[in-house]
Every structure is written in C-alpha cells, then in structure tokens.
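Note on naming: letters A, B, ... go to the chains in the order of the sequence lines (proteins, then strands), and numbering restarts at 1 for each one. None of the values given here were measured: they were computed from a predicted structure.
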There are 4 protein chains.
Amino acid sequence: MMASQSTAKPEPRWVRRKDARPEEITAAALTLFVQRGYANTRLEDVARLSGVSKGTLYLYFANKEDLFKAVVREGLVSPIAEVRGLIDQYEGSAFDLLRMVLHGWWQRIGSTPVSGIPKLILAEARNFPEIAKFYLDEVVRPGLEAIVGIIERGIRAGEFRSVDSRHVAHLVFAPTLLIACWCNSLAPFDPQGMEPLRVIDEHLEMLRRGLAPESTSSQDR
Amino acid sequence: MMASQSTAKPEPRWVRRKDARPEEITAAALTLFVQRGYANTRLEDVARLSGVSKGTLYLYFANKEDLFKAVVREGLVSPIAEVRGLIDQYEGSAFDLLRMVLHGWWQRIGSTPVSGIPKLILAEARNFPEIAKFYLDEVVRPGLEAIVGIIERGIRAGEFRSVDSRHVAHLVFAPTLLIACWCNSLAPFDPQGMEPLRVIDEHLEMLRRGLAPESTSSQDR
Amino acid sequence: MMASQSTAKPEPRWVRRKDARPEEITAAALTLFVQRGYANTRLEDVARLSGVSKGTLYLYFANKEDLFKAVVREGLVSPIAEVRGLIDQYEGSAFDLLRMVLHGWWQRIGSTPVSGIPKLILAEARNFPEIAKFYLDEVVRPGLEAIVGIIERGIRAGEFRSVDSRHVAHLVFAPTLLIACWCNSLAPFDPQGMEPLRVIDEHLEMLRRGLAPESTSSQDR
Amino acid sequence: MMASQSTAKPEPRWVRRKDARPEEITAAALTLFVQRGYANTRLEDVARLSGVSKGTLYLYFANKEDLFKAVVREGLVSPIAEVRGLIDQYEGSAFDLLRMVLHGWWQRIGSTPVSGIPKLILAEARNFPEIAKFYLDEVVRPGLEAIVGIIERGIRAGEFRSVDSRHVAHLVFAPTLLIACWCNSLAPFDPQGMEPLRVIDEHLEMLRRGLAPESTSSQDR
DNA sequence: TATGAATGAGGATTCATTCAT
DNA sequence: TATGAATGAATCCTCATTCAT
C-alpha cells in the first residue's frame, strides 16, 4: 500500500532550478520577441513557454524591458566574442578571411535563433535607445571595423583593388542582414524559399570578383 | 461666383479637402508606426499628428489593423507602379538598367518616408500574415522577377557572366534593405553616419565588376 | 405612442457630464480612502461608487496617488479658506473666538466627511511626504498660528493668563483630532458612543477656566 | 583541538534563543507597520528587519493578519497591566494621580515604539473589526473608566468641580493621542517640532485649573 | 461628418503564501 | 526548524473602440 503511494508521485508543484532558469527564460523570450515583437509578447506567454509561472520571471528580471535587454545582450555576447577571436587569430588571404567571417556568421548566428536579434533591434531601436547604443558599440562598430581592417589589409597586399573600405564594409554585411530579417519575417510565407548559404556563396563570389584589383586586366585595358 | 468667393474668403487658397483626410491620416500613421512600431503607436497620437480627433479615424478606417494595412498598401502602390513602368519601357544595357533601378529606388523610396515600410513589414509580418502575403506578392516577387529578368537579359547579351540569377537578385536588393532599415532604426544613434548614395554607388560598382563576364573576355574589352 | 417611447428609454450606456465628474469621483474616493485606507481601496470600487467606469478615473486623475492628493487638497481647500476668513474678521473676546473656531470646525469639518482627512493624513503621511508637507504648510501651521494669535491676543488683553501659547495651541486642537479620528475609526464599534459636541463644549469650558488669569484677579471678576 | 574550539568560538555570549524569535519579529513588524501602514508593509521587509527569512515568519504566525494582531496585542498587554496596577494601588490626590497616569503614559508608551499603535489602530480599525473591538475592550474602555474613576473620586473629595466625567475623560486623553499620532506621522516633516512633555505638562496645568472647584472663587462670583 | 468623453478588456507588476530542500 | 524559490491571485493602468452630442 505504501509502496503504491510512492509510485503515485505527488507530482511536486514546482522544482527548484535556480541556475538554469535565467537562460531558459531568455531563450523563450527570444523566440517570442522575434516572433511577435516586443510589445505584442505577453510575459505570461514567455512564462508558459519557459515552463515557469508569471511571478518567477520577476525573480530574475526586474521587468519586461530588463528581460528584453537581457535577451539582446545575452544573445550577442558569445557570438561577438567568437567572431572577434576568429578574426584576430586568422592568418591568410584577406578574401579567405571574409569567407570565413561570413560562413562563421551563418553557422553561429544566421542559422540559429540568435538571427532574430537584428530584426528585434531594427524594430525596437527607437524605443530602446540604450539597446541601440549597445548594439552599435558592441556589434555594428566592431564588426564594421573588423571588415574595414580586412579590406584594407587586402588592399595593402595588392589582393584587393583600392575601394572606399568604410562603405564597402556595409556591403559585405548587407546580405547577412537581408537573410537574418528574411528568415524571421517573410520566409514563413514564401513558398519558393531562398537558400541562405547559396546567397552567401554567391555574395562571396561577387566580392571576390568585385574586389579584384584592376591589375589582372590592366594590361588589356 | 467663383471670383467673388476667392476674394471674400481670407482662407488658405486650397482648403484641406475632405478627400485628403485619409491620406493625411495614413501619412501620420506611417511616421508613427515606423518610429515606434505598430503596437506601441497610440491611435490618439496618430489623430493628433494628422490634426483630427480620435473618433474621426474610425470614419475612414475600420480599426487599427485596417489603418495599418492601408498605410502599407498606400505607401507601396505608386512606387511599385513607377518602378514597373520604368523597367518595362527601358531599352539599354542591363547594367544601366540596374543602375537606374537602384537610383530610382533611392529617389522614390529610400530617401522618403516610405523607406520605413520595409522595417514595418519585417517587424510585423508574423503578426499580419495578410500583409506579409500582400508584400510578397506585390513587392518582393515582382521586384525580384524584374531583377532576374534584367540579369538574364544581361547574360543572354553577353554583358554578364552566367550566374544564379535568382540568388543574385537578392544580392542586388540587399543593400537597399540595409539602408532602409538602418535609416529608420540605428542611424539616429550613430554619430558617424553612412551615406546611402555612396553605398549604392559602391554597390553598383561591385555589381558591374562582379557580374562582368569571365576574364577570358577581358582581352576583348 | 410617443409617450410610450419616452418610457421605453433606450438607456444610454453612459452620459456625458464632464464638469461634475471630478467632484463626484473625489467624493467617492474620500469615502473609501477613509473607510479602508489608501492601499486597501481599489480604484474599481471608487469607480463603481462614483458611478463611472475604471477607465474614466484616468481621464481626470493621472493615477491613484494623484487622486489621493486631489482628495486631500480638495477636501481641505474650502474649509481652510472659511476658517481663515472667520478668524480674520472676528472682533470680540479671545475666548469667544476660540469657541467660534471650535464650533465652526465641528460644523464645517467635524460633522462632515472631510473629518476623515486627518486620519488619512496620519496614516499616509510617511508614504506621501508631499502630502505631509502640504498639510503642514496649509493646515497645521496656519491653524496653529491662528490659535497662537488668539491666545496671545487674550493674554495681552488680560483675558488669559500668561501661557506658552505655542504648546497650548496644540492642546486647543487635540480634542478635534481625537473626535475626527474616533468617528472615523473606532466609533462604529463602540456601543456607548461619545458625543462630539459635548466633548467640544466640555473642552471649551476647560479652556475658559484653564486659561483664566491667576486667581489674584478672581475677586475682580 | 576540540577543546580549543570551545574557547575559540568568538560567538556572542548569549546566542539569540529561538524563544526570542516571535518578539523580534513583532518588534520589527511594529516598526514597519507604523512607518508604512499595514497594507504597504511587505512581509519580506519584516523578515529582513528581524533577521529571519520570509518562510520563518509563517512558523510563528499564521499569516499577515495574524502577525498584525499579535503586534497590537503584544504591544499593549504590558502597558495596560502596568497602568492598571499603578492606578489600583495609588493613594493620593486625584490630580496627582492624573499626573502620574499621563507621565506614566509618556514614559511607557508615548516615548517608545508602542506609541505607534494608536495610529495603526486608527488607520486599520475599519479593516480589522476584531482588533477594533479588542482595543476598545482592553484599552479604551478600561482606560476611560480608570480616568472616570479618578475624576469622580476627585469630585467626591471636593478636589474637582462637578463635571461630566465621561466626556472629560476623553479630554484627558486627547493630547496623548495627538502626541502619539503626531510623532509617528507629521513630526518627521515639521522643522519646528513640538515637545511632547511640554504639551503634557501644559495640559496638566490646564486640567488642574480647569477642574478646580468653583469654591475658591465661589465667594466672588 | 466630427468630436472626445466614456468604456472595459487586456497585460504588467506586486506580494502573501506555499513547499521542496 | 529554517530557507527562499516558486506560485498566482489581485490590482493598477493603458488604449482600442464606441457613441452621445
């Protein structure tokens, strides 16, 4: 009899998992924020999706805005670090580095839920200046600078023609933005689909040719 | 009669015709939707900005969602028509056509308030499938097809190398998306700034070189 | 037929009465705040009691705190003015003036809902420093000063013995505080009851005798 | 080694006995209830202030209301007993007894945290009828009766003039209420300050004179 | 048509209370 | 006993929408 009781699991109303919680919550929040937008996401849904109660959210985040910031920050921190490391160490041709960066972006960000963050930032930057500045300072600027560095290295090495590195850097990233936004907004409604990796490779090929120095064909000019 | 009227009334020469109301309202709504996002925009603010009362909005639009759809539709209708006409008539090199399209985009969309619409669509597509489909059917698909057509014309004419026209078409538009989104989200927080036209021209140059036929044909240049 | 129509009132969902509203609301709020305390009063109840909807409250008051302040301020404004006028004009013996002030207090405050305000202030002063200061500056200080003035006039005129007017002024008001608080808190539970006017008159008699000049002058009375 | 432990322990000489817990908790609760009001006091703060955890409160008190009642009851029990004893034993003039009671009140209640209880009662009586009745039965009524007794003893002894002892009893206590409430609400915001003992002494003097039999001056009347 | 006062459903947030540890 | 993470009912407040004027 008593044994039967033990099998009749009293099913605890909740379990204590303090450490895991914040990540589970931000993961759920990221999903919903990306899907529905910040304002349209109910904290109750975030709670449900992360398997906790409404009140529990407030044990880890002061309020909705705070949760949002945590989602963005946390989603970006490790990708940023990784990409930085990647670039700093690399020794090789400038173009190979560009390829590595774009492929790395796809692997670590583009093909993961984190790819939803750009859309979030775009949508909410005006409402959250703090987030906008953070993103500019920690992601955009360093990212652009890295690309500028690569391009200028390529120019100095005679690998690339002389271009306005600053503006070209924007071009290098444009397709990633397109992909990230597309996948998290219109893609679900597009029956044809677009293959991100194909776009990236096509883009790389365009960059290779577009950045090639005039010299090769300089004689026939 | 008309003469007498014009002399008597010290009123502005063209009084706001009641027919103009809807456009004034959608214009105000576009501004606010782009600035703050759909959910975060209060109809009261739209009313104030367009100089009418809250109740008046409901004389022209059934509800907030309806207003939103009108904003998007209306913002896109004439640009779409113009670009179509542009392409259909044009006779000239494929690349010149690309240049014309991108410059035209900047003039008619990129540098106007309408440039905020892509951001709106990205942010709200998931919440408004109808809008998403409309945008896909009326803007994205026709736009891509037009570009695909241009590219394939160029390939057939030996002006461009042979590429996956579908995916390259995405690349052609990517920088416009970048610019449109950037200007309506992060640009206000970026002290450095980015010059859209410079980016577009740099992009065109990259396209010219990147699409140029294989260097085997470099001597025949 | 028409008569029947008039009886078949379509019963409008609400009526427009912009001007009357604020007072109706503060009156209801005063009642409930006094009865249940600030924190324990639900705005929904205030709304119901004043015959409006929850949202309507926010047309007139920014939030609960604002409503609270309005209740206090509004409840005090006219009594303050009246008492001031009363004292300023009066010409007569100091004691008669004291009597007039205390009786006036009973008529205009003590026996009205406004008598609940002292209790409210006491209970919430610490939570609303602004209100505390307002009450001190606009009610307590002027009130005490008025009493001090009367007492000192009486002393100068030989009508009162020489006392510490400042501290005696507190004593003059103490019974009104007792009455105001008692009636709005314990009175409903006390079967015996206490008659405010009796207490006031007994108090006046004590004041008359307690303030009478030293008995040296008893013979000349 | 172990021996050294016993000597090593730099612990306080008398560790907080678990029996002391409830008192520590009610003391903390009294402070906070008086400061912020019942509803506005978070049990978490009571817990923190009394150095225990939130859950521990529930080992000693069934719930917040229970804690509140304990605070009131406990705060009043010993003062009541003391004052009773004081009065019962006393042999002396009625006025001296009044003086003793009021001075005793100041020493044992007025100048201690317990002085906050009247404010609490006033503020919450309507919400806690049980408390109201308890306070009426155990504090107000006995207190008034005691004063009534003293006054009537004085009258019988020819020490006091003939007054309505019941209502005058209220007057005797009024200044204590004023002081108790003042100190726990407006005093912190009043730069001038009021000296409770001065008020009490002034009050006693007013009582002495106000209650004096007509006889002294009866001849000159 | 045009207005804006009034409505009330919806969602963020708080905090007394429970309970696994 | 003691803890504090977890819960969810309760309440403030917002704002799309309605409708008397």
Nearest-angstrom distance from the residue atom CG of B:L59 to C1' of F:dC19: 12 Å

If I take atom CD in residue B:E44 and atom P in nucleotide E:dA6, what distance separates them, rounded to the nearest angstrom? 14 Å

Would you say D:R21 and D:V52 make side-chain contact, with heavy atoms under 4.5 Å? yes

Between the base of E:dT17 and the side chain of D:K54, is there any donor-acceptor pair under 3.5 Å? yes

Mapping A:G51 and C:N63 onto DNA chain F by nearest heavy atom, which one lands closer to the 5' end? A:G51

For a side chain to side chain contact (heavy atoms under 4.5 Å, CB included) check, start with the C-alpha distance between B:N40 and A:Y38, then their side-chain angles and the critical distance, and finish with the verdict. CA-CA 9 Å; B:N40 209 30; A:Y38 174 79; over 6 Å; no

Of all the nucleotides listed (E:dT7, F:dA2, F:dC13), which has the minimum atom distance to the side chain of D:Y60? F:dA2

Between CG of C:N40 and P of F:dA10 the distance, given in whole Å, is 13 Å

When rounded to the nearest 0.5 Å, the distance separating CG of C:L122 from OH of C:Y135 is 7.0 Å

Roughly how many Å is it from CZ in A:R36 to C1' in E:dG11, rounded to a whole number? 13 Å

How many whole angstroms separate atom CG of C:D45 from atom P of F:dC12? 9 Å

How many Å lie between CD1 on B:I25 and P on E:dA2, as a whole number? 9 Å

Within-4.5 Å side-chain heavy-atom neighbours: C:L67 and C:V71: yes

Round to the nearest Å and state the distance from A:Y58 atom OH to E:dA16 atom C1'. 17 Å

Can you work out whether A:R42 or D:G55 has the more 5'-proximal nearest nucleotide on DNA chain E? A:R42

B:K133/B:E130 salt bridge by N-O under 4.0 Å criterion: no

Report yes or no: is the cationic atom of D:K69 (NZ for Lys, CZ for Arg) closer than 6.0 Å to the six-membered ring centre of D:F128, at no more than 45° off its axis? no

Taking C-beta and beyond as the side chain, do D:L30 and D:I117 meet within less than 4.5 Å on heavy atoms? yes

With the side chain of C:T56 defined as its heavy atoms from C-beta on, choose the nearest nucleotide among E:dT7, E:dT13, F:dC13. E:dT7

Heavy-atom nearest nucleotide on DNA chain F for C:K64 versus B:E65: which residue maps closer to 5'? C:K64

Pairing string, 5' to 3', for DNA chain E - Watson-Crick or wobble contacts under 3.5 Å, brackets [ ] where pairs cross, | to another strand: .||||||||||||||||||||

Residue D:L43, side-chain atoms from C-beta onward, closest of F:dT3, F:dC15, E:dA16: E:dA16

At under 4.0 Å, does any side-chain N or O of D:R21 touch on OP1 or OP2 of F:dT1? no

Considering only E:dT3, F:dT3, E:dA12, which nucleotide approaches the side chain of B:V52 most closely? E:dT3

A:F61 CZ - E:dT14 P separation (whole Å): 15 Å

